[in-house]
Each structure stands twice: as C-alpha cells, then as structure tokens.
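The block underneath contains the structure these notes are about, expressed in structure tokens.
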Number of protein chains: 2
Amino acid sequence: MALTREQLIDAAVGVLSEFGLADLSMRRLARELDVQVGALYWHVKSKQELLVDVAARLLDAVPRPESPTPALAPMAIAALLRQLRTALITVPDSAEVMQLAQSMRPESLDPLGWILDFLRIAGVPESDATYARHVLVNHLLGSIGAHQEALALAAGTEPSESSSDWGDEAFDYGVRVILRGMALEPIAG
Amino acid sequence: MALTREQLIDAAVGVLSEFGLADLSMRRLARELDVQVGALYWHVKSKQELLVDVAARLLDAVPRPESPTPALAPMAIAALLRQLRTALITVPDSAEVMQLAQSMRPESLDPLGWILDFLRIAGVPESDATYARHVLVNHLLGSIGAHQEALALAAGTEPSESSSDWGDEAFDYGVRVILRGMALEPIAG
DNA sequence: ACCTGAACACCGTTCAAGT
DNA sequence: ACCTGAACACCGTTCAAGT
C-alpha cells in the first residue's frame, strides 16, 4: 500500500520525539518507512516543508479554548501558554522546529494566533498587539529551548533530577512579568 | 607561516557575516584558509567549539558599561540590550549561534552576565534575578532571530525596505514591557 | 500515481604519516 | 608543533526510468 504524507509526518514526529533533530534525516525516514529516499520527495517538496508540518502537528495537542471575557483574558493567555509549553517541552528541539515553521508559514500555527486574539480581547491596543504576541512567543520558545539544551548537556553529566522544576518556575515568572508589564493582571496566580 | 586559532575564528566570523550559518562549513573554512580540513582540528576540538568562540567574538563589539547607580540601572539595562542588538542584528543567524554558545559555555558571554549584575543593582530580588535575565535574553535573541528570518524570506521576494524599522520598534516595545513588569521604570524613553 | 536506482555535490571527524 | 592525504560514515536533492 502506498506511502502517504501523513505517514511521513508521523514518522518524522516519531524520530524527532525519540532522537532529536540531529537524527531526523530524510534518509533515516526513508529507511524507517522502507522506501528509497527519492520517494519522500514525491510527498513533500523539501525537508523544510516537512518540518513545518511537523511543527503544526505538535500543536494539534492544544485544543482551541473558549473565547474568554475581557476580565478573564489575561488568565486565558497564561493558561494557553502553559498548554503550549506542555505540548512542546517533551519533544527535543521542538523550539527550533517551531521557530522555523513560524518564519516559513506562520499561518499554519493556529494556537499562536489565538494568543493575538486574546490580547485584543484583553484590551491591548491594536498597535501593540502583534508586538505583545511576539514577546510572549519569544519567551515561550526561548524558555523551552534553554530548558532542553540544559537537559541535553545534563545527559552528559549525572542526571540531576532537579532540572525539570527549574524550567517551570522560570517560565511562569516570565509570563507573569510580561503580562504585568502590559498592565494585564491575571486574576488567579 | 602557521595558521592560528584566531585566524580560524576570524575566517568563521567572516563567512557567517557574509553568507550565513548554512555556508559556514569546516571544509569551506579550510578552502578559504588554504589548508586541508584536518588541519582545522589541530586548532579546535570541533565545529561547535569554534562556534562558541565565534559567538564570544561577536560580543567583543560591546564594551563593558560603567556600573550604574540603582536609579539609573533600568536605563543601563535597556541601553546594554540595545547595544547587544546592534552588535548582532547585521550578522545572519547570529541568534542561533548565540543560543548554542549560551547553552555550551555561558561564561564565555560576559555581556550577558552584565545584565544580571545590573538587575541586582536595580534591586531585583536575588531569587528572581536569574529568571529576569533569561526573560530579557530570550527577548533579545528571539527578536533578532525573527527579524533575520523575515529578512531571509524577504530576500526571495521584492526588497520591501520597511522591514528594518519594524524590528526596532518591536524590540523596544518588548524591553519596555518586561522592565515595567519587573517594576523597573527607565527614566528616559 | 507512485516509486526505484543512481547520481551530484556536499557534510563533520579521525588519523596515520609526513615535515 | 603543525599539517597532508585519505578515508569513514554520513547528508539533501534531482531525475530518468520503471510499474
């Protein structure tokens, strides 16, 4: 039975999740799927295009939240960011993949657009909203990247378990700071 | 006359600045320096190690500022971030290289440590200071990365000149938001 | 429509051997 | 001390030709 694009994306997500971006090569995917390398290029135009689809797939785990009221919007933003972090934090190099996708085809990453929607609902002036979204997304991807690179280095050393909560705390601190700086105070801590 | 490590770093900075990370290969550097590839590995342990030195070299353009008074510290932080941005924004893929260096050998990036110093001077509680530094550095590198990827894509399209000021404005907005969120108000806008 | 086989033009790293 | 020559084990992409 013929290979499908979906199977190719699945395989790519699998290799990324288990082994990271360095091991995610077209040749390896071909081996995994029992086809020749060239076959993959009938289903995707390039490796980059495949990675954009991988990024979108990673965010499928995040369901669209109900539209919040203005008063609840700051909390909804914080909650959405937490969910995005949870979806990405366990996948090695996910921050890098997301960055690529965001620059190549941002419209394929719906959940990042919801942040913009919620900022508007919260009352952030239209002129600031896109900037504000960038600050939040930079923080999201930056923290994930730093956390994962720390893990990667720690893998060489002894596995000092404490590395997981450090990232959580740092991430939440940043979200609180940024929202406060926009004069958006989440109601619940 | 023998090749030196400094010459190797210089050549790497040159290729990065002119052609970007994708063209920065050990083999290309060897060609540029008129030696065989293997020769490079007498001067550096790996390409990664070389990139860490490249990152440090990029920050050499940023001089250590005078230690500010507490009242002036927020402004000093904002000024330092602007200088860092200026040093990196013209070098393609500099954000990626900095991220690597930061995870592999953060102590080689002195200017990023100064941010922490100034945050303490400004009165940020010791428990928050490292988190705060991360938020600012994530914003710095995130904005640079986004700006450069936008440029790289625009290179394929028509060169719509307006892309340069967009990044500036977005960056400054983010810095203001973050400092405000930490209750640090810069005195001058 | 979907895939194979084979090629093209590359990579980073290692290492015996040379000077 | 510093470098060459050559190899090892890879890459992404293209494309005529097959079914």
Side-chain angles (χ1 to χ4, degrees), chain A residues 1-55 92-93 96-97 99-101 103-105 149 152-153 155-156, chain B residues 1-55 92-93 96-97 99-101 103-105 149 152-153 155-156:
Chain A
M1 199 206 49
L3 179 66
T4 68
R5 191 187 232 255
E6 293 308 303
Q7 282 171 54
L8 178 47
I9 299 170
D10 286 346
V13 170
V15 172
L16 183 68
S17 304
E18 269 200 80
F19 306 100
L21 199 53
D23 284 339
L24 180 47
S25 72
M26 296 304 269
R27 299 179 112 99
R28 163 133 197 195
L29 290 174
R31 227 180 300 133
E32 215 116 314
L33 293 163
D34 272 306
V35 292
Q36 298 297 108
V37 223
L40 305 184
Y41 287 85
W42 197 91
H43 296 277
V44 304
K45 190 178 135 295
S46 67
K47 186 182 178 182
Q48 287 210 7
E49 194 194 81
L50 174 58
L51 287 177
V52 170
D53 282 4
V54 166
D93 305 311
E96 224 171 307
V97 176
Q99 233 127 29
L100 184 112
S103 75
M104 295 232 331
R105 201 142 46 74
E149 272 155 356
L153 288 203
Chain B
M1 201 206 49
L3 178 65
T4 68
R5 189 187 234 258
E6 292 309 302
Q7 281 171 54
L8 177 48
I9 299 170
D10 286 346
V13 169
V15 172
L16 182 68
S17 304
E18 269 199 82
F19 306 99
L21 199 53
D23 283 340
L24 180 46
S25 72
M26 296 303 270
R27 298 180 113 98
R28 164 133 195 195
L29 289 174
R31 227 180 301 133
E32 215 116 313
L33 294 163
D34 271 305
V35 292
Q36 299 296 109
V37 221
L40 305 184
Y41 287 84
W42 198 91
H43 296 276
V44 300
K45 188 178 136 297
S46 66
K47 187 182 177 182
Q48 287 211 8
E49 194 193 80
L50 174 58
L51 287 178
V52 170
D53 282 4
V54 166
D93 304 310
E96 224 171 305
V97 176
Q99 232 126 29
L100 184 113
S103 75
M104 294 233 330
R105 201 142 46 73
E149 272 155 356
L153 288 204

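Each chain gets a letter, A, B and so on, in the order the sequences are listed, and its residues count up from 1.
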Without decimals, in angstroms, what is the distance between [X] [atom1] and [N] [atom2]?
{"X": "A:Leu24", "N": "C:dC11", "atom1": "CG", "atom2": "P", "value": "21 Å"}
{"X": "B:Leu51", "N": "C:dG12", "atom1": "CG", "atom2": "C1'", "value": "12 Å"}
{"X": "A:Arg31", "N": "D:dG12", "atom1": "CZ", "atom2": "C1'", "value": "14 Å"}
{"X": "B:Leu29", "N": "C:dG12", "atom1": "CG", "atom2": "P", "value": "8 Å"}
{"X": "B:Asp34", "N": "D:dT4", "atom1": "CG", "atom2": "C1'", "value": "13 Å"}
{"X": "B:Leu21", "N": "C:dC11", "atom1": "CG", "atom2": "P", "value": "13 Å"}
{"X": "A:Leu40", "N": "C:dG5", "atom1": "CG", "atom2": "C1'", "value": "14 Å"}
{"X": "B:Arg28", "N": "C:dT13", "atom1": "CZ", "atom2": "C1'", "value": "20 Å"}

Atom pair [atom1] ([X]) and [atom2] ([Y]), whose distance is rounded to the nearest 0.5 Å:
{"X": "A:His43", "Y": "A:Leu33", "atom1": "NE2", "atom2": "CG", "value": "9.0 Å"}
{"X": "B:Asp53", "Y": "B:Asp10", "atom1": "CG", "atom2": "CG", "value": "11.0 Å"}
{"X": "A:Glu49", "Y": "A:Arg5", "atom1": "CD", "atom2": "CZ", "value": "4.5 Å"}
{"X": "B:Gln99", "Y": "A:Glu149", "atom1": "CD", "atom2": "CD", "value": "6.5 Å"}

Pairing partner of D:dT19 (Watson-Crick or G-U wobble, both distances under 3.5 Å) = C:dA1
Applying a 3.5 Å limit to both distances, which nucleotide forms a Watson-Crick or G-U wobble pair with C:dT13?
-> D:dA7
Could you please name the option among [options] that lies closest to any side-chain atom of [X]?
{"X": "A:Lys47", "options": "C:dC3, D:dT13, C:dT4", "answer": "D:dT13"}
{"X": "B:Ala2", "options": "D:dC3, D:dT13, C:dC11", "answer": "D:dC3"}
{"X": "A:Tyr41", "options": "D:dT14, C:dC3, D:dA1", "answer": "D:dT14"}
{"X": "A:Ser25", "options": "C:dT4, D:dT4, D:dG12", "answer": "D:dG12"}
{"X": "A:Met26", "options": "C:dC11, D:dG12, C:dG5", "answer": "D:dG12"}
{"X": "B:Trp42", "options": "D:dT13, D:dA1, C:dT4", "answer": "D:dA1"}

Compare side-chain N and O positions of A:His43 against OP1 and OP2 of C:dC3 and report whether any pair is under 4.0 Å apart.
-> yes
Mapping B:Leu3 and B:Arg27 to their closest nucleotides on DNA chain D, which lands nearer the 5' end?
-> B:Leu3
Starting from the 5' end of DNA chain C, give me the residue, A:Thr4 or B:Val37, whose nearest nucleotide shows up first.
-> A:Thr4
[M] and [N], which share atom name [atom1], separated by this distance in whole Å:
{"N": "C:dA9", "M": "D:dA9", "atom1": "P", "answer": "23 Å"}
{"N": "C:dC10", "M": "D:dC8", "atom1": "C1'", "answer": "15 Å"}
{"N": "D:dC3", "M": "C:dC15", "atom1": "C1'", "answer": "12 Å"}

Side chain to side chain contact (heavy atoms under 4.5 Å, CB included) assessment of A:Leu3 paired with A:Asp34 | CA-CA 10 Å; A:Leu3 179 66; A:Asp34 272 306; over 6 Å; no
Quick check: does any side chain N or O of A:Asp93 sit under 3.5 Å from a backbone N or O of A:Leu21, one acting as donor and the other as acceptor?
-> yes
